[in-house]
Amino acid sequence: MNNRIKEFRARYNLTQEDLAKKVDVRRETIVFLEKNKYNPSLKLAHDIATAFDSKIEEIFLFD
Amino acid sequence: MKRAVIVFILAALVLISVGVWFFSSSAKVTTVDILSFGIIILVVAFAVFIGFKRLSSAKRGEPAEDELSKKVMRKTSSLSYYISLYLWLVIMYFSDKLKFETHTIIGAGILGMAVIFAICWLIINFGGIRNE
């Protein structure tokens with residue numbers, strides 16, 4: 001599974017720390033997500049999509 | 001924050017206990033003692049590293065634990081448990097061949113478990129958890 005978190009973060013002018021605070025996780029988790037080293041839970045994926053005012057499938061791309 | 005402080009207190013207690021054992025022992029200090037002391041220092045350093053990570057997360061206003069860290073800890077626990085079983089098997093096999101006292105062998109086993117846990121955590125934490 002790939003994701004476009006970095007792209008959306010740049011679009012919304014958010015740092016990794018800002019996004020981490022918004023979705024209540026550690027900054028490390030955002031780093032791992034962006035590097036595709038971790039697949040988030042459905043709840044976290046939903047929270048990230050909500051933070052970017054988008055749908056889950058716009059941010060997370062399933063192969 | 002609270003958990004980070006607990007980690008520091010535990011690390012200090014372990015260091016104090018090891019210090020008391022190391023400096024009050026009347027017997028001659030052997031290479032095995034120095035090696036054990038070194039490994040204990042490494043394990044304590046690992047605990048302090050975890051404590052600092054949690055403390056810096058708390059200072060940034062982030063949760064000390066989140067779903068990734070919990071998952072890493074769960075996976076580390078299960079993996080280190082399985083590897084520790086093999087460690088104990090090896091220790092049981094060699095216990096007759098090595099001329100160490102029983103408490104030394106048990107101590108080495110417990111220390112080995114701590115080292116295995118630390119290594120597993122480092123591999124899983126920095127390697128990431130994919131497709132799960």
Side-chain angles (χ1 to χ4, degrees), chain A, chain B residues 1-11 42-83 116-132:
Chain A
M1 187 171 76
N2 293 319
N3 65 69
R4 295 165 63 201
I5 294 176
K6 204 172 181 177
E7 186 190 322
F8 272 76
R9 210 164 44 74
R11 197 184 291 173
Y12 281 78
N13 205 18
L14 286 174
T15 62
Q16 288 176 333
E17 210 170 319
D18 294 334
L19 180 60
K21 275 182 191 167
K22 270 192 165 203
V23 295
D24 198 32
V25 293
R26 295 170 312 139
R27 192 184 65 85
E28 233 174 24
T29 305
I30 302 298
V31 174
F32 271 67
L33 283 169
E34 287 187 358
K35 284 184 181 171
N36 284 320
K37 280 186 169 182
Y38 175 58
N39 289 339
S41 67
L42 186 58
K43 188 194 174 294
L44 181 55
H46 174 265
D47 288 349
I48 290 170
T50 308
F52 291 135
D53 219 6
S54 310
K55 289 177 182 171
I56 290 178
E57 59 267 29
E58 285 178 74
I59 298 167
F60 296 95
L61 313 167
F62 295 89
D63 298 327
Chain B
M1 191 80 160
K2 211 174 176 182
R3 282 193 173 188
V5 174
I6 290 171
V7 169
F8 288 126
I9 291 169
L10 280 177
L42 275 180
V43 172
V44 169
F46 170 73
V48 169
F49 169 67
I50 300 262
F52 269 117
K53 263 174 71 108
R54 284 186 172 172
L55 210 61
S56 59
S57 286
K59 275 182 183 172
R60 282 198 300 262
E62 295 169 5
E65 278 187 318
D66 63 2
E67 63 171 56
L68 175 61
S69 66
K70 280 179 190 165
K71 211 168 186 177
V72 166
M73 206 46 98
R74 225 171 18 239
K75 208 173 170 191
T76 303
S77 306
S78 62
L79 185 64
S80 60
Y81 170 73
Y82 284 123
I83 298 172
I116 288 169
F117 184 86
I119 293 170
C120 287
W121 186 87
L122 286 171
I123 292 169
I124 293 169
N125 190 57
F126 292 109
I129 301 173
R130 294 183 187 86
N131 301 321
E132 282 178 33

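The two residues A:Arg26 and B:Pro63 make their nearest non-hydrogen contact at CG-O, 3.1 Å. Residue A:Tyr38 comes nearest to B:Glu67 through the heavy atom pair OH-OE2, 2.6 Å, listed as atom of the first residue, atom of the second, then distance. Shortest non-hydrogen contact noted between B:Phe126 and A:Phe32 is CA-CZ, 4.3 Å.
Looking at A:Glu28 and B:Lys53, a side-chain N of the basic residue comes within less than 4.0 Å of a carboxylate O on the acidic one, giving a salt bridge.
Put simply, of A:Lys43, A:Lys21, A:Arg27, the one with the most heavy-atom pairs under 4.5 Å next to chain B is A:Arg27.
No option in A:Asp24, A:Val25, A:Val23, A:Leu44 other than A:Val25 meets the side-chain contact (heavy atoms from CB on, under 4.5 Å) test with B:Asp66.
Atom NZ of residue B:Lys71 and atom CG of residue A:Asn39 lie 7.5 Å apart, to the nearest 0.5 angstrom.
No more than 12 heavy atoms of other residues, nucleotides or ligands shown are found within 6.0 angstrom of OH on B:Tyr82. The environment of NZ in A:Lys35 is sparse: at most 12 heavy-atom neighbours from other residues, nucleotides or ligands sit within 6.0 Å. The local environment of CG in A:Asn13 is sparse, with at most 12 non-hydrogen atoms from other residues, nucleotides or ligands closer than 6.0 Å.
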